[in-house]
Amino acid sequence: MAVITTGLTILTEGAPNPGEVVAASGTFALAPLLIAIPLASAVVLLLAGRRANAWGHLLGTAASAASAVLGVVLLVAMMGQPEDARTFNQPLWTWIDVGSFSADVALQLDPLSISFVLLVTIVGSLIHVYSVGYMAHDPDRRRFFAYLNLFIAAMLLLVLADNYLLLYVGWEGVGLASYLLIGFWYHKPSAATAAKKAFVVNRVGDFGLSVAIMVMFATMGTFSFAGVNETIAAVDPDTVTWIGLLLLLAACGKSAQFPLQSWLLDAMEGPTPVSALIHAATMVTAGVYLIVRSNAIYDLTQTAQLAVVLVGTITLLMGAIIGTAKDDIKKGLAGSTMSQIGYMVLAAGLGPVGYVFAIFHLLTHGMFKAGLFLGAGSVMHGMNDDVNMRHYGALRAAMVVTWATFGLGFLAIIGIPPFSGFWSKDEIIKAAFAEHTVAGVAALLGAGVTAFYMTRMMAMTFHGKARWEPGVHPHESPAVMTVPMIVLAVGSAFGGLALLFVGNIEEWLAPVVGFEKAAGPIPTSLLIAMTMAVVVVGAVIGWRQYAMRDVPRMAPMQVSWATRAARADLYGDAVNEAVFMRPGQYLTRTLVWTDNKVIDGAVNGTAAGIGGLSARARRWQSGYVRNYALSMLLGAVLVGAALALVRFA
Amino acid sequence: MVHLAVPMAETLTFPSLQYRAMAPILIVLGAAVLGVVVEALVPQAARRAVQLAVTLGGLATALVFVVATPGSELGVVAGGTLAIDGPGLFLQMTILVVAIAAMLVVAERRVDPAGDAFAPRASSLVGSGEEQEQTRRGWSQTEVWPLSLFAVGGMLLFVTANDLLILFLALEVMSLPLYLLAGMARRRRLLSQEAAMKYFLLGSFASAFLLYGSAMLFGYAGSLDFAAIADAFRDKPGQLGLQVIGLTLLGAGLLFKAAAVPFHMWAPDVYQGAPTPITGFMAGAVKVAAFGALLRVMYVALGGAAWEWQPAFWVIASVTMLVGVVLAVTSSDIKRMLAYSSVAHAGFLLLGVVAFSTAGLSATMFYLLAYGLTTVGAFAVVMLVRGPSGEAGHLSSWAGLGRTSPVLAGVFALFLLALAGIPLTSGFTAKFGVFAAAIEAGGVWPVIAAVVASAISAFFYLKVIVLMFFARPGPDAPAVVVPSLLTTTAIGVAVVATLLLGVFPQAFLDLASGSTPFLR
């Protein structure tokens, strides 16, 4: 950040409960440092080269931790402010100023963004610490930490931006960091391909965001959150719907939602800490953030809201079903991530009854899913980087800490009270039933499937008989890895309770996103009982099948079409190929053919023609003076004849 | 005014001469005469240095006088035979700048192990023992300098001639030394002598055209004076035969020097055979002089008949550029390629001439300045790339030059891009100017032909660049001679001019347009 102005203004938010203008405290002027510290660290690490190999990981971790500490300071300062005056806007400098087009670089700190700041920096810092151990033997550890810092900076820019254009910068920044980290082991073709795929699929979504921003500017003349919130009500409803759908497309790309979900499973090629941080806890939730941040737009368009609900519902089921069939522990968790983000998107599509819970689930999910991924990484660490759960089994004794922390994450995600997932997921199911019964039923079923695939994962990994590869000696990971896992496990266990009852998340976010209590047809207590019943059924089936019985070391081939479909990611890639890739290839082939035959043909033909003409014309240049003189004479006669023609005509 | 038809009885009055206005011409011709004296009196050892000083000193002094000509001196001088006006001074300035650059290249002695680019004695028999002896003794033909000065003096006169007789005299003063210079190459002497012979024969033929055309026009107008001829075209109907034949033959004579189709055939042979520094001098300075004279004759003397000659000249311009570029495509010798390129540029320049407007005049003059300097630079580079038996003329031996001599190849690439008319080089600004002037004058079709020709020309210019930078050097890759300060300065000036006139052309465009119009 080149220029940091200390002047701070309180913004009159166009949110459901606009805040008042009150005097600002100097503490909030530190917000730009949140981004500046990790960015500076990334730059230092990238430029310092090998010299920084010895201390690079420490600097990277310290930078992330510094942002986390600053985030906590800002949170405390914000909690000291009156409830309706917690939105702070800090202009930094004018970025572009051309005619009527003006874009400022300005940050907005409010309860929504500070929640993200804390999630990103705290979970991020834990994963930095974990990576110190996980990447200890990688020769490129410094570069890894540089990319992680770069990601933290970009993600914080994304959530702190006060307008869509600056958000877009952060949006692309996290995409870049994600690309670099998925392909971190770029010498592996599968990693390089996965990185490219993630980048390309994300471009489709980014296209939606860029067009949405253009439409906003064309219709409203502004793209700041405040400006859009103020003027959106006056915009033609169809245009609002289009903006909503375009933003949804963007969210689908970044958050791996149907139909742009396919890249996330491949993204697991990246190092496991990356999967935990970027592809589980933070970046993939940016789409949810975008929708919730744009609540003023979605509140005006039922069509776009319905589309959001549909996308969320489809994805939560798809992800869960894919999760049931994966033998690769990370891919199983990736399917689960898709599914859980589907819950968040569903909640975000429900309007004011859902926004708060989308964010609530996002925060609890950030903790328990990061913990689960770190647990998976710990298991892989002890199993020579094998990811196939059919080669695991009976690891509880060898990895007690990993088993316990993974277990707490497991209880959190399937929604056993009082663990964190219970509080957030239950609220989403309740809100879904209140708004769309079908979505409610799907969310309820999804909870059962979640319980099944997570029990399967737990059982195949830690219980049953050992099916280890020869020469594998499972062992617990070092403290530098287990401590972050323990911290996250504590968060998974009590985070929900803390956020709901201590943090009062509903009232905390209400000024920004609005909040209404859901009033569904089914009483809350009955709904909780139904959910618990579904979860227990799912868990019991999973346990019976994968803990009580032997698990074959080879995946059985004689399976139902449903299993086959789930193993094939529900043919997501097949759809991509049929809808995007093949027509795209036909188009490019046709263009190449046209280029080769028609355009090059014309060019080459012309060139050959001129060459031939030239060769013929050269014969006139015989070298004999008499011929030259004759041609001069004939030329003069011709010129004279032409002149005479003009003169006498 | 010179009236040759005056009765013999009348006394002959001598015209008063305006020495200040004529000073540049007199200085250059004076320096040439001084050079002849130097040849006679100064010992062999010191001759080259003295000649170089006299030549560069004379040209530089003349340039200073041209630039410093006060506005009050402008006018038709020397009894109406010379027009020292804006365009005249601009063209004289261009000729002198190009000539100075060319003379720096002529003076280069590092390129050949035996000395400069000229035979030790042009008169000695090719391959004889005498020749070898002279080479061994390190003789050099210092007459090159006074000859060049005479040629430059003729050029300065040529572009300010306001009278058909002076025009003819200037043409001969300019051409005769060039015929000699073309035959004086140290290497490939037979080719050089053949070129000189062809140039002389065809040049004489063209001079005869010009002279006969002048006679016809005198017969029609009763005067050799440009203004009087112009008045005749305005006021005196009839005698169409004299008009048409005079116009045709005068035009043919001038177009020969400009190397326009169909009077261009000498150009490739002469350009290839002549010593390369002289080729650069011819391609740069002679082109300026020829077009300068053509502009004045067409705009002043034959301006009244513009509607008459314009259609034919549009066709000549279009055919010239198309024939030039088409023939350049299959040229495998770099000098021949540049010769055909010079033919094509004559076509582009003709667009500005035929436009017959103030814009056309200033655009043509700017084009001449840009093209002249770029061309001298390009031929200087050609001189530096040498195989075992002299210059590496064949294009194939230029392959991979970008790897072995990146600076030289880069400079040559810049010149080629300028000749192709790529933006940010002088060639683009120049072409844009003449195209715009031609469009304004209604020459849409010739400009379309010009654009097509430009596209074709890009092919052979870029072919050389591709060859230099993207091909592997062959086994007999030529050596690049590191030139002395003289050639380096000339190439440097050409590079700076090519970039300056491309990136910040405004000052020079203003100078060119501020120099218009012709006085009569």
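Keep in mind that this is a model prediction, so the values were computed, not measured. Quick note: numbers below take in every heavy atom, side chains included, and nothing from hydrogens, waters or symmetry partners. Every chain is numbered from 1, with letters handed out A, B, ... down the list of sequences.
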Engineer: For each of B:F313, B:W307, B:F263, B:W266, tally heavy-atom pairs with chain A at distances under 4.5 Å, and name the one with the top tally.
Structural biologist: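 Option with the greatest count: B:F263.
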
Engineer: Can you establish whether the number of heavy atoms outside A:M220 located under 6.0 Å from its atom CE is more than 12?
Structural biologist: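 Above 12, so yes.
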
Engineer: Heavy-atom count check: over 12 atoms from other residues, nucleotides or ligands less than 6.0 Å from B:F200 CZ?
Structural biologist: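 No, not enclosed.
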
Engineer: In terms of heavy-atom proximity below 4.5 Å to chain A, should B:I316 be classed as side chain, backbone, both, or neither?
Structural biologist: side chain

Engineer: Answer with side chain, backbone, both or neither: which region of B:I245 has an atom nearer than 4.5 Å to a non-hydrogen atom of chain A?
Structural biologist: neither

Engineer: Which of residues 617-632 of chain A have a heavy atom under 4.5 Å from any heavy atom of chain B?
Structural biologist: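 From residues 617-632 of chain A, the residues near chain B are A:A617, A:R618, A:W620, A:Q621, A:G623, A:V625, A:Y628, A:A629, A:S631, A:M632.
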
Engineer: So what's closer than 4.5 Å to chain A heavy atoms on B:A206: side chain, backbone, both or neither?
Structural biologist: both

Engineer: Less than 4.5 Å to any heavy atom of chain A: does that hold for the side chain of B:L202, its backbone, both, or neither?
Structural biologist: both

Engineer: In terms of heavy-atom proximity below 4.5 Å to chain B, should A:L638 be classed as side chain, backbone, both, or neither?
Structural biologist: neither

Engineer: Tell me, side chain or backbone of B:Q243 under 4.5 Å from chain A's heavy atoms, or both, or neither?
Structural biologist: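 Side chain only.
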
Engineer: Should the heavy atoms of other residues, nucleotides or ligands under 6.0 Å from CZ of A:R616 be counted, would the total exceed 12?
Structural biologist: no

Engineer: For the atom pair OG1 (B:T248) and CG (A:L643), what is the distance rounded to the nearest 0.5 Å?
Structural biologist: 4.5 Å

Engineer: In the structure I gave you, are the side-chain heavy atoms of B:W309 and A:V646 within less than 4.5 Å of one another anywhere?
Structural biologist: no

Engineer: For chain A, which residues from residues 328-347 of chain B have at least one heavy atom closer than 4.5 Å to it?
Structural biologist: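 Listed by number, the contacting residues are B:V329, B:T330, B:R336, B:Y340.
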
Engineer: Working to the nearest 0.5 Å, report the span between CG of B:L322 and CD1 of A:I610.
Structural biologist: 9.0 Å

Engineer: Are more than 12 heavy atoms, taken from residues, nucleotides or ligands other than A:K196, located less than 6.0 Å from that residue's NZ atom?
Structural biologist: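 It does not: A:K196 NZ has 12 such atoms or fewer within range.
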
Engineer: Is chain A contacted by the side chain of B:F459, its backbone, both, or neither, given a heavy-atom distance below 4.5 Å?
Structural biologist: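 Neither part.
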
Engineer: Does atom CZ of A:F199 have more than 12 heavy-atom neighbours, drawn from other residues, nucleotides or ligands, at distances under 6.0 Å?
Structural biologist: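 Yes, the 6.0 Å shell around CZ holds more than 12 heavy atoms from other groups.
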
